[in-house]
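Reminder, nothing fancy here: chain letters follow the sequence lines and each chain counts from 1.
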Amino acid sequence: MSSREPRASGYFRSSYDQGLRLIETRMQWTALMLFLAALGTFPFIATSFQLDLACQVFLAAIGSIALMLLTGYAGQVSLGHAGLIAAGAFTAGILFKEFGAAFWITIPAAAVVGALIGLIFGLPSLRLRGLYLAVSTLALHFIVVYLGGEYETKRGFSTGIMIDAPRIGDLLIRDRKIWYFVLLAFAAVSLLISLNLLRSRTGRAWAAIRSHETIAEALGIGVPAHKLLAFVISSSMTAVAGALFAYYRGFVSVEAFSLFLSIQYVAMIIIGGMGSLLGAILGAIFVTLLPYMIEYAVGFLPNARSYAGMLAAFNYAAFGIVMILFLVFEPQGLVGIWRRVQNYFLLWPFKQKPLGGSRK
Amino acid sequence: MAELEIEKLTLRFGGLTVLSGVSFAVDKAELFALIGPNGAGKTSVLNCISGLYPGEGAIRFRGQNISGLSAHHIARLGIARTFQHGELFPHMTVAENLLTGRHARIRTNPLKEMFFSRSVRREEVTHREAVEKIIDFIELERYRNVQVANLPFGIQKIVGFARALAMEPAILLLDEPSAGLNRDEREDLARFILRIKHELGIAMIWIEHDMQMVADLSDRLHVLEYGRSVAEGSPDTVLKDPRVISAYLGRATI
Amino acid sequence: MLKRSLIVTAALVGLTGAATAQDSYNIGLTGALTGPAAGTYAPAVDGLRIYIDKVNAAGGVNGKKINLILLDDSAQPARAAANATRLVTDDKVVLLLNASLSSTYAPVVGESQKANVPLIFASSVCPKDVYPPANALQFCTTAFAANYDSRAVLDFVKATAKEPVKLGLSAMAIPISRGEIDYAEELSKTLGMTPVSKQIIPPPTPDYTPFATLIKDAGANWTYSWAPWVTQVRTLEGLRRLGWTGDYVAWAHLEAENELARLKDGKFFVVGANSLFQDDLPIHNEIAAAAKAAKSQYPVNQMTEGWIAGMVIEAALKGAGWPANAEKVTASLSNLKVDLKGLRGGELQWTKDNHFRTKQYYRVYRWDEAKGAIVRVRDWAPFDVK
Amino acid sequence: MQLAINIAVLAAIYALIACGYVLIYRVSRVLNLAHGELMMLSAYLLLTTASLFSKNPLIAIAAAIFLSLCVGVLVYLFLMRRMTGEMVLAAVLTTVALGVLLRGLVVLVWSAQQQNPAQALGWVNYSIPVFGGRISAAGAALIITTALVYAGLFLFLRFSRYGIRMRAAGQNPLLAAQRGISLHAIYALAWGLSTLTGALAGILISLDSGLDSTMVLIGLKAFPAALVGGLDSLVGALIGSLIIAAAEVLMIYYVDALLSDVVPFLVLILMLVVRPWGLFGTREELDRV
């Protein structure tokens with residue numbers, strides 16, 4: 001939920017409708033435009049590798065926004081996120097291989113398949129909470145990967161399914177610059193959809209369920225239906241991310257969707273900050289770029305190349321440590337840090353916040 | 001016809017009988033107090049009415065048997081409640097908490113919400129206005145945009161009260177609304193309760209420990225002890241009943 | 001925030017890019033240097049690194065140094081894809097190498113095709129595309145060869161077995177291993193053997209005994225496994241624990257030499273295309289000395305694949321001349337002949353439509369308890385590649 | 001007969017691992033998802049102690065087990081202690097993070113190569129004929145150890161002072177603390193014991209079939225066993241392990257080996273739907289308002 005308070009001084013609302021706007025002041029418009037302009041020019045100054053990183057971040061952001069909806073807002077834990085990504089990727093891959101289906105068919109199909117799987121694997125959430133639910137979603141991962149592996153083997157795609165670059169009308173999406181904008185658009189739409197859901201009835205119901213299921217029930221919120229809805233929407237979004245991943249990389253194979261990927265997504269929402277969409281995005285950026293940052297840092301060590309064989313181990317260890325540090329010392333995640341910095345500058349030279357406002 | 005009718009309500013947890021054969025009926029615009037010592041089963045009665053606990057026996061709302069319905073279904077029929085500890089959604093603002101209370105009345109679907117269509121926007125504005133009326137009614141204007149976690153407990157209880165009211169209920173179940181409030185706040189609360197009764201004509205089942213408030217405000221009393229009905233009637237007669245005094249007042253006033 | 005982090009990384013990455021010298025042959029490798037699969041790939045890559053260092057120390061190729069960029073993909077396809085992108089676009093390599101699990105092939109091939117940069121598979125199974133008629137950009141130096149391996153193994157079994165062969169088969173539950181074992185099953189029938197049991201074993205199996213029991217109970221007197229080393233050897237151990245006394249034949253992975261000495265099993269045959277270090281050829285001593293000088297943490301007898309890749313790269317770059325680009329390297333690779341000095345049964349030769357090799361040689365080893373050493377059971381047996 | 005032996009060995013593996021999950025969950029309601037990694041760490045510790053005490057394998061094993069106990073206690077003291085009082089989920093995710101960290105560290109210290117502690121110890125894994133089937137020495141040791149560990153834990157929890165305190169702390173931490181039981185000491189003990197049993201499992205498995213980072217996955221596969229039995233019940237863990245092991249081995253024998261990987265999780269889902277608290281677990285109370 002976005003802040004319901006006006007941000008700038010001298011700005012007053014004159015209708016309730018104004019309070020519902022995502023962007024209220026001219027300042028906010030300007031900031032957004034500048035940000036969009038920066039995003040728009042980035043591909044023209046970046047190297048291809050940096051563009052690839054940006055694309056990876058967008059893909060991760062879609063997935064982590066989806067997981068944030070489910071876990072950070074609706075309070076339903078999932079450890080099967082990689083399974084859903086795999087489901088989306090395989091939907092696209094299989095439809096392409098078996099029927100030569102086009103982009104504009106496979107993506108919605110992935111969304112539908114994701115929604116169905118979400119519905120099925122949301123069912124345990126009606127009986128289970130917390131840990132038990134997490135475990136049942138873990139099973140989802142194993143089942144999807146098993147089915148994917150069977151398909152690959154039975155059809156003889158032993159090194160994975162290759163997928164051609166998609167085509168929208170006359171435009172072949174192959175160049176990384178085009179991919180950048182396509183993925184950016186998908187990420188932006190996911191973000192917008194999530195923002196909209198969260199500021200309306202469904203979002204409030206999810207937050208209520210996360211806070212206290214029984215109370216939510218007593219307020220007339222259909223808890224089972226809304227839980228399932230959270231699973232369906234989140235899974236559908238995740239599966240689309242998976243299908244996009246398949247197209248972007250040009251291949252699908254089960255090895256790409258390890259359990260570790262699920263852990264990475266969970267780490268994104270923890271490190272980013274639970275219950276915040278900004279957190280989901282920050283977390284996606286951080287977790288995606290961390291290994292590259294470590295690689296870069298190791299590059300400075302003397303005799304760097306002899307450490308090459310240890311990099312992934314470094315990555316693992318560092319990733320574990322960062323997760324632990326956030327869990328223990330900064331449960332609010334990067335968003336918490338961001339807000340503190342923001343507050344510091346907003347209030348400067350004062351140290352204390354006035355009465356704690358609605359800003360979250 | 002009574003607004004709410006409870007007949008031979010019995011509740012068991014394992015071997016433990018929490019309620020046995022509790023019966024009473026509440027009329028329209030009636031302020032019906034439920035009293036009894038700690039552990040008498042007062043909250044359990046409310047929990048059974050709102051469908052959180054599976055009780056045996058009949059619970060009829062305007063003649064319709066509602067026992068066995070799911071909690072959210074019962075809430076949608078117009079039975080709202082407050083909770084002993086407020087139990088608000090701490091991350092939301094007061095206005096958002098109240099909007100959540102209006103959940104069942106908002107008519108939008110998730111697909112439209114995703115794109116925040118015109119109709120969703122219209123609904124949101126309409127219900128925001130409705131919430132504002134309640135904020136006015138309960139005098140929470142100062143706090144409407146404050147996150148609930150930052151409010152003092154007394155105000156939180158009042159917000160809980162407002163949230164239940166936001167559901168536009170036919171019956172309000174109040175679980176110790178005055179507990180934890182200071183004197184001023186209790187007076188406000190008493191005022192709100194009376195206004196709800198007179199202006200909105202809502203029936204209320206009211207669990208209360210403050211006997212003075214009960215004696216002053218309630219229309220009728222029902223006394224529970226160890227899950228059984230002990231007495232029922234107007235405050236004047238019931239509070240003088242020796243059984244009630246020995247069962248309840250004798251101990252509770254220590 | 002998004003923008004800011006991207007710019008920061010952009011700066012970071014930009015610096016690494018600048019650090020690579022312009023005046024050298026840039027070649028890049030993505031490999032499983034760490035992670036669960038690293039045991040099979042990291043030693044070979046280290047062998048390659050040592051070889052290239054040696055070449056550079058001796059003045060390089062055509063007077064220019066070779067700049068070998070190693071990136072780790074931990075056998076994760078997504079990581080391999082990102083690595084390949086980076087190598088091709090930012091480091092502008094003239095040659096890509098893959099030393100990782102077969103699941104990383106698809107994304108790396110994709111990048112290689114997009115950028116028209118030749119790609120050598122230097123540590124894992126050779127993909128179909130390198131066999132005649134070969135894909136213009138894909139090459140393979142490794143000893144493995146799907147289908148040919150099983151042909152060689154079953155040929156050996158047929159020649160060695162004294163009684164009718166009842167064949168047990170064991171694969172790991174990964175597509176590539178399953179595919180090969182399926183092929184072997186079919187092939188064994190045409191060679192007059194009876195495949196009696198085929199076990200597809202999931203990788204994280206705490207106990208191989210149930211699978212071994214099935215093979216044993218099916219009455220197999222020979223068992224063949226073509227899978228990662230873990231599966232091959234644990235199936236064997238499982239069988240032996242059950243008191244199975246049949247002959248067991250498996251692919252000679254990097255680990256074979258050490259493991260034969262550990263298992264000391266006289267009826268365990270390994271079939272491979274690389275000569276083992278116990279053959280004690282001059283080239284083996286050369287590798288051992290270089291590895292020792294470089295203080296490598298890996299066993300020297302696991303470096304053969306890397307060494308061979310290094311020899312091929314050196315020859316290819318020499319043929320491409322200076323300044324080299326991807327086309328020249330591709331052309332040079334497509335017409336290459338490298339003397340492997342006994343590391344394989346013969347020289348490695350690539351032609352326009354054969355990027356595997358014209359002849360593939362296989363040798364069979366086993367442990368000999370009486371001698372207390374590994375012995376050759378069958379010397380180089382050539383197979384024509386068509 | 002061989003079928004029964006195979007099931008018994010696998011069940012012993014799962015049971016020995018599962019009791020580690022149960023110990024910690026029972027006492028502190030935290031699910032230790034780093035158990036597999038801790039188990040792997042213990043097996044690697046054995047490699048190091050084996051090279052230190054190369055002459056005396058028993059001392060090496062004892063030293064590795066003692067070190068593992070220390071690791072468990074240290075993990076609690078330096079990490080999990082900070083998570084007490086936090087949301088259970090945060091604590092569980094911390095164990096996930098710990099697992100990731102350990103995985104990295106193990107590779108950094110011992111490399112990713114396949115290792116053979118049995119060789120380092122000079123242990124020969126004989127094959128022993130029993131009842132018309134055969135069992136490996138390590139397999140037999142696993143069954144015996146599991147039996148001893150379970151017997152020991154039952155006695156410990158029932159009769160020893162600390163055991164009773166552990167049970168008390170698990171049932172009602174607040175009350176236990178009011179009675180003067182040091183919760184931190186109890187939790188640390190639980191972590192130590194859990195890692196110790198995990199170490200036994202890890203060491204025996206690595207003696208039987210070598211050691212590499214895939215051992216983590218074995219730890220994960222034992223997890224359905226603990227849940228099916230009921231996360232807070234030792235008897236449950238034992239029975240759950242038998243069920244999962246039997247399902248898995250029978251699947252290998254009669255249906256499709258590939259499904260053996262998925263089948264523990266299918267059994268798990270079935271259980272969660274029918275009886276989420278497991279065969280012998282305690283049911284969660286109704287929500288109180």
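Look at C:Asp182 and A:Lys154 and you find no salt bridge, because none of the NZ, NE, NH1 or NH2 atoms lies under 4.0 Å from a carboxylate O. Between C:Arg178 and C:Glu185 there is no salt bridge, since no side-chain N of the basic residue sits under 4.0 Å from a carboxylate O of the acidic one.
Proximity to chain A is absent for every atom of C:Lys295, based on heavy atoms less than 4.5 angstrom apart. Within the 4.5 angstrom heavy-atom criterion, no atom of C:Leu87 approaches chain A. Looking at A:Ala46, neither its backbone nor its side chain comes within 4.5 Å of chain C, counting heavy atoms on both sides. For C:Val109, the part lying near chain A is the side chain, with the backbone staying farther off; criterion is any non-hydrogen pair under 4.5 Å. Neither the backbone nor the side chain of A:Phe286 comes within contact range of chain C; no heavy atoms are under 4.5 Å apart.
Under the 3.5 Å distance criterion, with hydrogens and angles disregarded, a donor-acceptor pair is assigned to the side chains of C:Trp226 and C:Asp149. Between C:Thr104 and C:Asn98, the side chains place a donor N or O and an acceptor N or O closer than 3.5 Å (distance only, hydrogens not considered). Looking only at atom types and distance, the side chain of A:Glu255 has a donor-acceptor partner in the side chain of A:Ser253 under 3.5 Å away.
Here the closest non-hydrogen pair linking A:Val287 and A:Ala267 is CG2-C, 4.2 Å.
Between chain A and the options C:Pro107, C:Ala173, C:Ala146, C:Pro202, the largest number of non-hydrogen pairs under 4.5 Å is found for C:Pro107. For chain C, the option among A:Ile45, A:Asp52, A:Ile161 with the highest count of heavy-atom pairs below 4.5 Å is A:Asp52. Per-residue counts of heavy-atom pairs under 4.5 Å with chain A were compared for C:Ala81, C:Ala78, C:Ala82; the largest is that of C:Ala82. Chain C forms more heavy-atom pairs under 4.5 Å with one residue of A:Arg249, A:Met162, A:Arg174, A:Glu150 than with any other, namely A:Arg249.
A:Phe58 and A:Phe186 have their aromatic ring centers separated by at least 6.0 angstrom.
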